[in-house]
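For reference, the structure is listed below as structure tokens.
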Amino acid sequence: MNKETLKIYRNFLKDSIRKKIAFKFTDQNQGIPVPPIEKNYPNDSILIDLPGLDEWKDIPKTDITTAIGNRKSHRVYLKQSLSLEELAYLLWCTQGIRGTVFNGHAYRNVPSAGCRHAFETYLAIFNVDKLDPGMYRYLPLSHQLVFEFTDDMLPEKMIIASLGQSYPGKSALTFIWVAIPYRMEWRYGLAAHKVIALDAGHVCQNLYLACEAIDAGTCAIAAYDQEELDELLGLDGEEEFAVYIAPVGKVKKS
Ligand SMILES: Cc1cc2nc3c(=O)[nH]c(=O)nc-3n(C[C@H](O)[C@H](O)[C@H](O)COP(=O)(O)O)c2cc1C
């Protein structure tokens with residue numbers, strides 16, 4: 001491997017860039033309005049209310065030590081549906097908002113550099129009670145889903161977009177986290193990108209642990225066809241693009 005090229009790529013993991021950035025020139029410090037917490041949707045969209053924390057009846061309490069000790073990647077799922085309540089719970093654990101929204105900031109159940117939370121959560125739904133199969137997106141501000149589109153070939157398209165890995169098309173549902181980098185760049189400029197990648201890890205780890213409570217499993221997926229997946233989701237690939245995939249399904253617990 002070429003040493004100079006390696007140096008460039010390794011620098012991405014370092015925080016040396018912070019010393020080179022004139023933070024007084026970031027958009028935030030230039031007084032440019034804070035970008036929205038959540039991506040907008042058309043007025044005539046179909047919205048689905050999700051049960052909130054106080055309405056959950058069948059989400060078992062799970063000891064955190066047990067959940068961490070049992071966590072592992074699952075790539076084969078039972079042909080069993082997830083309930084809407086279970087989906088609501090997984091969304092709350094991974095991107096749910098807690099507390100109040102102030103000045104374009106909202107604390108969530110995962111940490112995020114500068115509380116910028118640069119992700120949208122897309123969901124390829126295949127087998128969730130009360131939901132028609134199709135692509136949806138989570139709206140954390142109202143704890144709802146917005147229906148994006150449907151496609152009879154969605155399972156096959158998810159498999160192709162995952163470079164032939166079958167589990168994202170054979171799950172009950174598949175999470176696709178999409179980055180809107182400007183949310184982080186607004187605050188951190190060119191120092192935004194490493195922390196977006198770090199943030200994705202917290203989100204997916206919460207999904208792994210949350211799955212443990214409901215006899216479900218997931219598998220982090222970072223190998224996918226960027227252009228194919230962005231096109232499937234209708235993303236421009238610049239201002240918004242997929243960064244991480246995680247299929248979820250019920251699993252046999254050993
Ligand atoms: C960032 C990241 C990317 C991964 N990408 C893939 C992937 O594309 N396909 C896959 O089957 N597993 C993927 N995995 C899962 C790992 O292979 C798995 O975590 C590892 O083998 C350890 O197994 P465990 O999770 O059961 O402990 C990924 C995991 C992480 C954290």
Handout entry: From CA spacing to verdict: side chain to side chain contact (heavy atoms under 4.5 Å, CB included), Val178, Tyr244
Key = CA-CA 7 Å; Val178 164; Tyr244 216 6; over 6 Å; no
Problem - side chain to side chain contact (heavy atoms under 4.5 Å, CB included) between Met135 and Lys157, intermediate numbers included - result: CA-CA 12 Å; Met135 191 67 75; Lys157 288 185 178 177; over 6 Å; no
Practice task
Go through the steps for Leu173 and Leu82 under the test side chain to side chain contact (heavy atoms under 4.5 Å, CB included), then give the verdict.
Solution key: CA-CA 8 Å; Leu173 72 147; Leu82 256 72; 3.7 Å; yes
Exercise for the section: Run the numbers on Leu131 and Ile48 for side chain to side chain contact (heavy atoms under 4.5 Å, CB included), then give the verdict. Expected result: CA-CA 9 Å; Leu131 289 180; Ile48 296 111; 4.0 Å; yes
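Between Pro181 and Ile196 there is a side-chain heavy-atom pair separated by less than 4.5 Å. Between Tyr188 and His193, the closest side-chain pair of non-hydrogen atoms is not below 4.5 Å. Considering only heavy atoms from C-beta on, Leu145 stays 4.5 Å or farther from Leu139 through its side chain. A heavy-atom distance below 4.5 Å is not found between the side chains of Phe12 and Arg10. The closest side-chain heavy-atom distance from Leu123 to Leu91 is below 4.5 Å. Ile176 is not listed as a side-chain neighbour of Arg137, based on a closest heavy-atom distance of 4.5 Å or more. Asn127 is listed as a side-chain neighbour of Ser81, based on a closest heavy-atom distance under 4.5 Å. Put simply, the side chain of Thr174 reaches to within 4.5 Å of the side chain of Phe126, judged on heavy atoms.
Other residues, nucleotides and ligands contribute more than 12 heavy atoms inside 6.0 Å of the CG atom of Asp63. Remark: Lys170 NZ is loosely packed, at most 12 non-hydrogen atoms of other residues, nucleotides or ligands lying under 6.0 Å away. By the 6.0 Å contact criterion, CD on Glu238 is open, its count of non-hydrogen atoms from other residues, nucleotides or ligands being 12 or less. Applying the 6.0 Å contact sphere to CD of Glu231 captures no more than 12 heavy atoms from other residues, nucleotides or ligands.
Under a hydrophobic-cluster definition in which Ile, Leu, Val, Met, Phe, Trp and Tyr are linked whenever side-chain heavy atoms come within less than 4.5 Å, directly or via other members, Trp186 and Met184 are assigned to different clusters. Both Ile32 and Val34 sit in one connected hydrophobic cluster of ILVMFWY residues. Membership requires side-chain heavy atoms under 4.5 Å apart, directly or through other members. Both Leu190 and Val243 sit in one connected hydrophobic cluster of ILVMFWY residues. Membership requires side-chain heavy atoms under 4.5 Å apart, directly or through other members. Cluster membership check: Ile59 shares its hydrophobic cluster with Val248, using side-chain heavy-atom separations under 4.5 Å among Ile, Leu, Val, Met, Phe, Trp and Tyr. Hydrophobic cluster membership is shared by Phe149 and Met158, with clusters built from Ile, Leu, Val, Met, Phe, Trp and Tyr side chains linked at under 4.5 angstrom.
To the nearest 0.5 Å, the span separating CD on Gln144 from OH on Tyr41 amounts to 6.0 Å. Between the CG atom of Leu50 and the OG atom of Ser142 there is a distance of 8.5 Å, given to the nearest 0.5 Å. Note: Leu53 CG to Arg98 CZ = 12.5 Å, rounded to the nearest 0.5 Å. Atom NZ in Lys250 sits 12.0 Å away from atom NE2 in His74 (nearest 0.5 Å). Between the CD1 atom of Ile46 and the CD atom of Glu148 there is a distance of 11.0 Å, given to the nearest 0.5 Å. In this structure, Asn2 CG and Tyr9 OH are separated by 11.0 Å, a value rounded to the nearest 0.5 Å.
The aromatic rings of Tyr107 and Phe102 sit tilted, their planes meeting at an angle between 30° and 60°. Using cut-offs of 30° and 60° for the angle between ring planes, the Phe175 and Trp177 rings count as tilted.
We find that Glu239 and Lys39 are not joined by a salt bridge, their nearest charged nitrogen and carboxylate oxygen being 4.0 Å or further apart. A salt bridge does not link Lys130 to Glu85: none of the charged side-chain nitrogens sits closer than 4.0 Å to a carboxylate oxygen.
For the pair Asp225 and Ile160, the tightest heavy-atom approach, listed with the atom from each and the gap, is CB-O, 4.4 Å. In this structure, Ile245 and Ser162 approach most closely via the heavy-atom pair CD1-OG, 3.9 Å. What you find for Thr62 and Ala67 is that their closest heavy atoms are CG2-CB, 4.1 Å. When every heavy atom of Asp230 is checked against every heavy atom of Gly237, the shortest pair comes out as OD2-CA, 3.7 Å. Of all non-hydrogen atoms in His105 and Asn103, the two that sit nearest each other are ND1-O, 2.8 Å. Nearest approach of Tyr77 to Val251, heavy atoms of both residues: CD2-CG1, 3.8 Å.
Residues Ser83 and Asp129 have side chains that never bring a donor and an acceptor to within less than 3.5 angstrom of each other. Using modelled atom types, one finds a donor on one side chain and an acceptor on the other under 3.5 Å when comparing Gln226 with Tyr224.
Summarising the hydrophobic clusters (Ile, Leu, Val, Met, Phe, Trp, Tyr; side-chain heavy atoms under 4.5 Å, direct or chained), the residues clustered with Ile159 are none.
When atom types are taken as modelled, the side chain of Tyr89 and the backbone of Gly52 share no donor-acceptor pair closer than 3.5 angstrom. Between the Ser16 side chain and the Asn11 main chain, no donor and acceptor come within less than 3.5 Å of each other. Between the side chain of Thr150 and the backbone N or O of Gly134 there is no donor-acceptor pair closer than 3.5 Å. Side-chain atoms of Arg183 do not come within 3.5 Å of backbone N or O of Pro35 as any donor-acceptor pair. With hydrogens and angles disregarded, no donor-acceptor distance shorter than 3.5 Å links the side chain of Gln165 to the backbone of Ile221.
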Please list every donor-acceptor pair under 3.5 Å in which a side-chain atom of residues 204-217 meets a protein atom from a residue at least two apart or in another chain.
residue : atom : partner : partner atom : Å
Asn206  : ND2  : Cys93   : O            : 2.8
Asn206  : ND2  : Asn109  : O            : 3.4
Tyr208  : OH   : Ser73   : OG           : 2.6
Tyr208  : OH   : Ala220  : N            : 2.9
Glu212  : OE1  : Lys253  : NZ           : 3.1
Glu212  : OE2  : Lys253  : NZ           : 3.4

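Annotation: His143 is in aromatic contact with Tyr138 [ring centroid separation under 6.0 Å].
The ring-ring contact (aromatic ring centres under 6.0 Å, His included) contacts involving residues 16-35 comprise nothing, where partners must be two or more places apart or lie in separate chains.
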